[in-house]
K.L.:
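The structure follows.
In this text, all values refer to a predicted model and were calculated from it rather than measured experimentally.
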Amino acid sequence: MKFNINSNVVKSKNNLEIARKYHHYDNVESIHVAANDDVYHIEAVVSVFNHPQKCSLDIKDNQVISYECSCPFNDQDSMCGHLGAVILKLNELEINEPPFDYQSDKLQKIKEIEKENQRQRRKAQLRQMASMSTKLIDFNKSQYQTDLRLSINQEKYDLTPNVYLNGDKIVLEYKIGNEKKYVLKNIADFIERIQNQENYKYGKALEFVHSEKSFTDDALKQIDLMKKALIIRRYDMEEYPYYYEPIKRSITIDSRLFDEFYDANKEIFSLGEMECNLRLYIQKEDEYYIVRVTVVDQFILGINMVIVME
């Protein structure tokens, strides 16, 4: 049995043209034909750009007696393009006795493609999981070796500060080690080694895993000072990139670092603070007074130095 329905039942020329395109690109995914006496009831799905629309038709003597579609372009004046595509597909099919079902090869191909895509995605996920597992094993192995070195080596290392004046600036450099001391050539790299718990060799007499557990309490105070200095320098470089350079061998102490500098070195250098001289200005304005305070001189006093801040 074959249907022979006139396509002109789609009265809108625009909708009919759309129906022909949907039919050409095989957008009719499925059709189910059922019979009730001499009336054929059609249920169909038309999918365009992965947006499926459900359609239904009642046909008697190759005449459409009722129709519905879930899209907003179907009305009483004309069928939509989805229904038109279903009619064009019905006219092509050789239908056995109802109930009859049709399913597009395109849908099966799409399912096969999606199945293959899922298989490829699963393979990629497995490769990623294998890679992550390998990295995790390597990390745990490295961490175990680091912990082992730390447990074997119970010695704690010191940082010896060297403070000097460069013009009107306070400059701080370091040596690392206990009996044999080595110049700390790059403070930023040193802090990074501590954060990553790296093993590092300074010379024949000094090699150890860098961790905060590897340093004396006095050295940890210097490390806190270094961290604060690095944060301040990064901020300065963002604000004034043409003026500041990264911290390497030395730290320049300014007012933002005085508290940390004093706390870290007060026992080493016996640093003390002298009270500063103040100049007081009082000015009467109508019914109130304006008070201005100016610091005349500010001193930081140590055993071998007196620093005047202006």
Side-chain angles (χ1 to χ4, degrees), residues 1-140:
M1 185 190 83
K2 291 192 72 171
F3 284 102
N4 186 20
I5 306 167
N6 194 324
S7 62
N8 287 334
V9 293
V10 183
K11 296 178 182 179
S12 167
K13 292 183 179 180
N14 183 59
N15 288 359
L16 182 58
E17 184 64 28
I18 292 172
R20 287 170 177 157
K21 289 182 179 179
Y22 289 170
H23 177 252
H24 174 75
Y25 289 107
D26 200 19
N27 291 120
V28 179
E29 287 189 352
S30 63
I31 295 177
H32 175 74
V33 181
N36 184 8
D37 295 331
D38 56 350
V39 176
Y40 292 95
H41 181 69
I42 315 297
E43 297 284 345
V45 176
V46 182
S47 182
V48 182
F49 299 118
N50 293 324
H51 292 288
Q53 303 292 341
K54 293 182 179 181
C55 308
S56 66
L57 292 154
D58 286 327
I59 300 172
K60 182 178 181 180
D61 299 328
N62 282 318
Q63 300 293 320
V64 177
I65 58 177
S66 66
Y67 58 86
E68 289 183 4
C69 182
S70 58
C71 81
F73 305 102
N74 187 55
D75 54 38
Q76 294 179 351
D77 296 330
S78 175
M79 296 182 188
C80 61
H82 303 101
L83 285 164
V86 172
I87 289 172
L88 293 173
K89 177 57 70 173
L90 279 171
N91 288 340
E92 284 185 351
L93 296 175
E94 187 71 36
I95 297 176
N96 299 326
E97 287 298 321
F100 171 83
D101 287 289
Y102 160 81
Q103 188 165 340
S104 170
D105 292 338
K106 178 181 178 182
L107 181 60
Q108 184 61 31
K109 290 177 181 178
I110 291 174
K111 289 182 178 178
E112 290 175 358
I113 292 171
E114 178 59 26
K115 187 176 180 180
E116 177 62 19
N117 289 340
Q118 289 178 351
R119 191 176 72 85
Q120 293 297 333
R121 285 195 294 269
R122 181 58 179 166
K123 285 177 65 176
Q125 289 173 351
L126 290 173
R127 286 195 298 268
Q128 185 178 14
M129 290 172 64
S131 176
M132 291 176 61
S133 298
T134 301
K135 290 179 180 178
L136 184 60
I137 291 171
D138 291 342
F139 173 79
N140 288 334

K.L.:
Would you check if the side chain of S131 reaches a backbone N or O of R127 as a donor-acceptor pair within less than 3.5 Å?
P.N.:
no
K.L.:
Could you report the tightest heavy-atom contact between I18 and G81, atom names first, then the distance?
P.N.:
CG2-CA, 4.2 Å
K.L.:
When rounded to the nearest 0.5 angstrom, what is the spacing between OG in S47 and NZ in K54?
P.N.:
12.5 Å
K.L.:
Count the heavy atoms of every other residue, nucleotide or ligand shown that sit under 6.0 Å from CD of E116, and state whether that count exceeds 12.
P.N.:
yes
K.L.:
Applying side-chain contact (heavy atoms from CB on, under 4.5 Å) to K89 and E92, what does each step give before you reach the verdict?
P.N.:
CA-CA 5 Å; K89 177 57 70 173; E92 284 185 351; 3.4 Å; yes
K.L.:
Quick one: do N15 and L83 satisfy side-chain contact (heavy atoms from CB on, under 4.5 Å)? Show the steps, please.
P.N.:
CA-CA 9 Å; N15 288 359; L83 285 164; over 6 Å; no
K.L.:
Which heavy atom in I95 sits nearest to a heavy atom in L90, and how many Å separate them?
P.N.:
CD1-CD2, 4.3 Å
K.L.:
Is there a side-chain contact (heavy atoms from CB on, under 4.5 Å) between R20 and L88? Walk through the geometry before answering.
P.N.:
CA-CA 8 Å; R20 287 170 177 157; L88 293 173; 4.0 Å; yes
K.L.:
Under 6.0 Å from the CD atom of E94, do we count more than 12 heavy atoms belonging to anything else shown?
P.N.:
yes
K.L.:
Between R121 and E114, is there a salt bridge with N-O shorter than 4.0 Å?
P.N.:
yes
K.L.:
So which heavy atom on Y22 is nearest to which on A85, and how close?
P.N.:
CB-CB, 3.7 Å
K.L.:
Donor-acceptor pair, N6 side chain versus N8 backbone, under 3.5 Å?
P.N.:
yes
K.L.:
Can you sort out the partners of F100 under ring-ring contact (aromatic ring centres under 6.0 Å, His included), two or more places apart, ordered by chain and number?
P.N.:
none
K.L.:
Can you measure from OH (Y67) to SG (C80) and round to the nearest 0.5 angstrom?
P.N.:
9.0 Å
K.L.:
Just how far is it from atom CG of N62 to atom CD1 of I87, taken to the nearest 0.5 Å?
P.N.:
10.5 Å
K.L.:
Report yes or no: does N27 contribute a side-chain atom to a donor-acceptor pair with the main-chain N or O of V48 at less than 3.5 Å?
P.N.:
no
K.L.:
So, for G84 and V10, which heavy atoms are closest and what is the spacing to 0.1 Å?
P.N.:
CA-CG2, 3.7 Å
K.L.:
Taking atom OH of Y40 and atom CG of L57, what is their separation to the nearest 0.5 Å?
P.N.:
14.5 Å
K.L.:
So which atom in I59 and which in I65 form the shortest heavy-atom distance, rounded to 0.1 Å?
P.N.:
N-CG1, 4.4 Å
K.L.:
Nearest 0.5 Å, what's the CG-NZ distance between D75 and K11?
P.N.:
10.5 Å
K.L.:
For Y102, I'd like to know if atom OH has over 12 heavy atoms of other residues, nucleotides or ligands within 6.0 Å.
P.N.:
yes
K.L.:
Rounded to the nearest 0.5 Å, how far does CD1 of I31 lie from CD of Q103?
P.N.:
11.5 Å
K.L.:
Going by side-chain contact (heavy atoms from CB on, under 4.5 Å), R122 matches just one of Q125, Q120, R119. Which one?
P.N.:
Q125
K.L.:
Are H41 and E43 close enough that a side-chain donor and a side-chain acceptor fall under 3.5 Å?
P.N.:
yes
K.L.:
Return the minimal non-hydrogen interatomic distance between Q53 and C69, and the atom names on each side.
P.N.:
CB-SG, 4.2 Å
K.L.:
Assess the residue pair N74 and M79 against the criterion (side-chain contact (heavy atoms from CB on, under 4.5 Å)); give the C-alpha distance rounded to whole Å, side-chain angles, the decisive distance to 0.1 Å, and a yes or no.
P.N.:
CA-CA 5 Å; N74 187 55; M79 296 182 188; 4.2 Å; yes
K.L.:
Are H23 and V28 packed together at the side-chain level, in the sense that at least one heavy-atom pair is separated by less than 4.5 angstrom?
P.N.:
no
